[in-house]
Amino acid sequence: MEFVVGAALAIFSAVVLAYPFLTARSGVESHAPVLDSPVPPPELASVYQAIRDLTWERQAGDLPEDLYQQQLDAYRRQAALLLRDAAVYSAVVGESDEALEQEVATELAARGGQTPQSSQDTVA
Amino acid sequence: MAGVLPFRQHSFLCRVKSPSPPFAKGGEGGFRHSIAALSCLLLLSLLALAAVTQRPAQAQTPHDEAEAQAIDRMLMCPVCPGETIDQSQVELARQMRLRVREMLAQGAGRQQVLDFFVARYGVEILAAPPKSGFNLVAWIFPALAVPLALAGGLLALRAMRRRPAAELAPVPGPDVGLDPFLARVDQELTVAAPSDVPRTGSSADG
Amino acid sequence: MAEMGAIALWISLALSSYALLGSVLGQVRHSPPLVESARRATFLLPLVLLVATLSLVGAFISRDFSVAYVARHSSLAMPKIYTWVAFYAGNEGSLLFIAMVLAAMAALALWLAPAKVRDTLPWTTAALMLVLTFFLAVTAVMANPFAQLPLVPPDGDGINPLLTHVGMFFHPPALMTGLVAIAIPTSFAIGSMIGGKTRDEWADAGRVWGLVAWVLLACGLLLGSWWAYTILGWGGFWFWDPVENAALMPWLALTAFIHSIMVQKRRSMFRMWNIVLINVAFGLALYGMFMNRGGPVPSVHSFGASTLGWVFLLFLGVGVVVPFGIFFWRFPLLKSDRNLDSMLSREASFLMNNLLLLSIAFVTLWGTVYPLISRLFKGQEITVARPYYDQVNGPLMLALVFLMGVGPLLPWRRASLRGLRERLLLPVAASVTVLALLAVLGVREGYALLGFGLCALVAASILQECWRPTRVRRRATGEGYATAFLRLAWSNRPRYGGYLVHLAVVMMALGVLGGSFFHLQRDVLLAPGQSTELGNYRLLYLSTEEVQYSDRTEYVSTVEVYRNDRLLETLHPWRVSYPAAGMASTRAAIRSTPVEDLYVVPSENQAGGTVVMRILINPLVWWMWVAGPVVVMGTLVALWPQRQAVPSRQPLSVPPAAASINPARPRDVREAG
Amino acid sequence: MSQRTLILLAVALPVAALLGLLAWASVQQKGGPAGAGINRKFGGVRIQPGPARDFSLTLLDGRTLTLTELQGKVVLLDFWASWCPPCREEAATLAEVYGEYAGQPVEFVGVDIWDRQEDALAFVEQYGVTYPSGVDVKGSIAIDYGVKGIPEKFFIDRDGVVRRKFVGPMSADNLRAVLGELLNASPR
């Protein structure tokens with residue numbers, strides 16, 4: 001009895017593990033994470049959070065108006081730059097075509113000695 | 001807007017030089033302020049007071065007993081790992097506590113009692129290594145390491161400060177066409193937090 | 001039952017090894033199905049381990065003494081409710097327990113992982129599975145809880161009587177879960193480093209799971225203290241025992257981490273520092289596990305020496321060297337985006353608090369290894385116990401409390417000296433007043449004075465920080481005080497949750513100060529009808545009732561407590577002796593009030609009803625235990641998901657003017673330069 | 001050196017030292033933590049020879065024995081208790097070997113610690129112990145000799161110097177060897 005339950009558990013596990021391979025072969029859409037349309041860079045959220053913080057602190061009377069304005073402008077500009085870069089980047093890369101992305105990366109590397117952040121450069 | 005008002009008041013507060021009664025300040029806000037402060041003070045003082053009321057009572061305990069208890073906490077029980085003779089309830093610990101009291105009654109001092117037990121059981125009977133000889137190492141490390149860590153922290157902070165703050169410095173890269181994105185930032189901030197809309201003027205973009 | 005458990009254990013070992021290899025290979029060879037399959041294995045694991053766990057529970061409940069572990073840790077006389085405790089009373093069961101909770105938390109963490117870390121999730125999975133595989137391998141190969149006895153004994157050895165206490169239902173599981181939970185934020189950090197996503201992608205997940213591990217450890221430590229206080233019968237709650245230290249050190253490092261990760265979340269700073277901190281916390285947790293399972297320092301409540309020591313030492317080595325190796329490999333990528341604006345800022349105060357916390361952790365670590373150093377260089381056995389830690393850590397803790405009072409007053413980025421002076425005014429005034437009051441009342445211990453003064457400083461600064469913005473908000477919105485405060489706190493939960501925890505720390509500090517500097521203690525021999533006095537109390541000892549059981553004798557004493565000849569309460573401290581095990585355990589009777597505890601415990605029962613009692617008055621210790629729920633509440637508030645100012649997902653259009661721009665991000669340019 | 005190398009060294013060296021120390025200590029570790037003062041395994045303990053502390057012990061038969069009385073004899077001071085399993089294990093051996101040395105300048109003294117008078121009497125009766133034994137009620141002898149567990153034995157030579165210390169149950173051969181050695185070392 002106990003061995004039957006054990007075997008059932010093992011078989012069930014094996015099926016669950018094999019499922020992604022089966023669906024991948026039969027062409028059903030895979031569950032692997034796909035690169036979706038230009039995601040706003042994660043830094044953006046923290047910049048927004050910083051702006052909210054700043055506002056909160058000004059409301060609490062912690063910040064002189066001039067310092068607040070100065071920092072707010074800096075943050076807004078930073079956020080705008082992030083948005084612009086994301087937009088430009090996605091425009092150049094297009095539909096996340098890997099070949100194109102690679103091309104851009106090499107070009108960039110040639111230009112600035114720096115590759116853009118992507119999951120591909122981790123493998124090396 | 002709202003942010004301006006409290007500011008005035010605080011600069012007023014600042015001029016109160018002595019750390020004396022907080023209720024010296026006028027105004028409704030200041031008054032409430034001091035009520036909160038007072039209640040906090042009151043609570044803490046009451047608690048501390050409660051602890052302190054034990055002080056005269058401690059005199060009831062004979063001096064030798066307090067001293068004996070202090071010594072009990074400095075001696076490990078040899079047969080039970082990790083317990084002092086004050087904690088342990090085994091026979092040996094009881095006998096050792098008795099011996100401590102006998103010695104004190106005969107006029108021995110704290111150091112003599114400790115030495116007596118060290119001579120019989122070795123230094124490991126002491127709950128903390130003695131501050132002498134090689135064992136100074138045990139004490140010197142924290143005394144050295146902690147100031148070093150703090151100094152290291154200060155150095156690191158200074159190094160982090162050396163360059164001008166990046167976010168306030170002009171960010172490298174052209175500013176071409178930033179306006180639509182700035183507008184979008186403002187719009188998203190407005191949507192996300194309607195109550196805390198940062199006031200943004202046209203002076204914002206540079 | 002036992003066979004099924006053993007099978008499930010081996011299946012789970014196979015699953016976790018598969019998940020480990022699958023996610024690494026899948027990532028290296030760009031095989032999404034393999035990665036996905038490995039991910040599924042991580043979700044299967046809690047399920048399979050649940051089967052193993054339940055079969056061990058089943059073996060306990062059915063008193064299946066053919067299973068060696070069950071025979072060693074339970075008996076027919078043991079009430080069924082203690083199955084929960086017996087489960088993790090020994091090495092084998094506790095390892096299975098750890099594996100089970102780690103698998104469950106890992107699955108949860110991977111399931112809930114934010115989109116930001118999605119790219120590096122397979123690496124995180126691999127790191128988590130490496131840890132889990134280790135525990136499962138040790139459990140299955142070296143300490144299998146399902147091992148069978150050749151001869152089935154008629155009855156088991158029974159449970160350690162010290163464990164039959166309510167505190168034991170929660171203290172060990174909380175500690176074990178907390179210690180192993182540190183693997184989760186560490187894995188997020190490692191995953192993001194291997195994956196090269198070295199910005200702040202992992203900061204959210206790291207903070208949340210760091211807080212989870214932190215609060216679990218905090219609860220475990222507090223419950224352990226409470227257990228020691230009520231059952232060990234010496235009237236104290238903390239002894240800097242090696243086992244206590246093993247949990248305290250990672251908790252300190254985690255405390256540093258959950259502060260410092262806020263700086264990274266808010267300001268994109270301290271990137272390297274946070275990774276170092278979480279690695280240190282993980283290393284200290286592994287060190288603690290090694291020490292408890294066959295480490296070279298004996299302790300009252302460790303699992304005792306075993307061959308497992310070597311395996312855990314090896315794992316400690318791997319767990320320290322590998323993460324730091326990855327850290328140094330990715331070192332160049334970990335530069336922060338921003339610089340420090342001012343030495344007088346919350347960022348700087350956080351760094352100082354971090355250093356103090358780490359100092360306490362490392363001084364404690366030093367204390368635990370010093371006996372080995374003395375043995376190595378001098379051949380001399382040395383004990384490092386409470387007096388040492390009290391002396392070296394006491395001042396550091398006071399400094400920490402001081403920073404706790406001042407740090408929150410500093411705004412992010414930059415504080416003006418003038419503003420700081422304004423905000424310090426009230427707390428300092430409060431502190432000075434309390435100090436003066438106490439000094440007038442005749443307190444002379446410098447430490448105690450300083451401690452109470454600092455408590456006042458912190459409490460006042462927290463109150464001020466609640467009060468000041470509330471008033472401003474009320475002015476701006478016209479809301480009532482309560483509404484204004486609640487809305488304000490709710491809009492900045494991490495901050496106000498943090499304040500709540502700080503308040504709890506003040507309460508604990510009160511308990512520690514009261515208990516260590518103002519306690520009264522007396523050991524007396526009392527015959528029935530005799531009475532004794534301590535402080536303002538008079539205790540009348542009436543009698544002891546002796547109850548015989550098959551395995552133990554219980555002595556329940558009756559003591560009447562009078563103050564000013566008025567009967568306050570009748571206490572029933574008791575003591576149980578287990579002749580077979582050669583053990584005794586006590587249960588103190590405590591009359592607990594916010595002002596002071598009256599603590600009565602029998603330490604010896606003699607013939608004729610005569611009893612040796614230890615009587616203590618422990619001022620303010622009540623606050624220590626009240627702090628526990630407050631810590632949990634504060635953490636919950638801080639953890640409650642914050643509605644982020646989420647960047648919208650609408651497609652980003654490119655205005656014509658911008659299309660011609662080089663897509664290299666400004667930051668990359670800066671880093672290259 | 002770059003910042004990276006410096007930090008690398010600052011981390012690697014202490015970590016390596018700590019791991020090495022722990023490994024060394026694990027090799028060193030013998031047995032493990034002693035259980036509540038019972039020495040189950042036999043072993044010698046290295047000591048600095050020094051003059052034995054005098055004591056006076058009220059024997060089970062009511063007489064009083066002092067160490068000075070035994071000057072000139074090789075003395076085996078044995079700390080034991082009736083409830084301790086290894087003490088029971090070796091009790092018969094001790095009694096037997098004591099018999100062998102009758103007539104020689106050898107004396108055994110059994111110091112019963114952490115125990116009750118009536119249990120001690122029963123024990124002595126059961127194992128036929130004939131050498132002087134008594135209960136150390138206040139534990140002062142045990143404290144003076146720094147006893148950490150039972151059974152624990154001290155061998156005092158004919159000049160009143162503590163020469164050897166052993167823990168755990170001792171075999172007859174070991175006993176004879178040590179007694180012989182001490183008898184020969186300082187023949188008077």
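Since this is a predicted model, take the numbers as computed values, not measurements. Per chain, numbering begins at 1; letters A, B, ... match sequence-line order.
One N or O on the side chain of C/Ser37 and one on the backbone of A/Leu17 form a donor-acceptor pair closer than 3.5 Å.
A 4.5 Å side-chain heavy-atom check between C/Ile7 and A/Leu9 finds every atom pair outside the cut-off.
Of the two parts of C/Ala2, only the backbone, made up of N, CA, C and O, holds a non-hydrogen atom closer than 4.5 Å to a non-hydrogen atom of chain A. For a residue to count as touching a neighbouring chain, one of its non-hydrogen atoms must lie under 4.5 Å from one of that chain's; by this rule C/Tyr18 touches chain A with the side chain only.
Summarising the geometry of C/Met4 relative to A/Glu2, their closest heavy-atom pair is N-OE1, 3.1 Å, with the distance given to 0.1 Å. In terms of heavy-atom proximity, C/Pro33 sits nearest to A/Pro20 at O-CB, 3.6 Å. Closest heavy-atom contact between C/Val48 and A/Ser13: CG2-OG, 4.2 Å.
The line from CG of C/Leu47 to CZ of A/Phe12 is 6.5 Å long, rounded to the nearest 0.5 Å.
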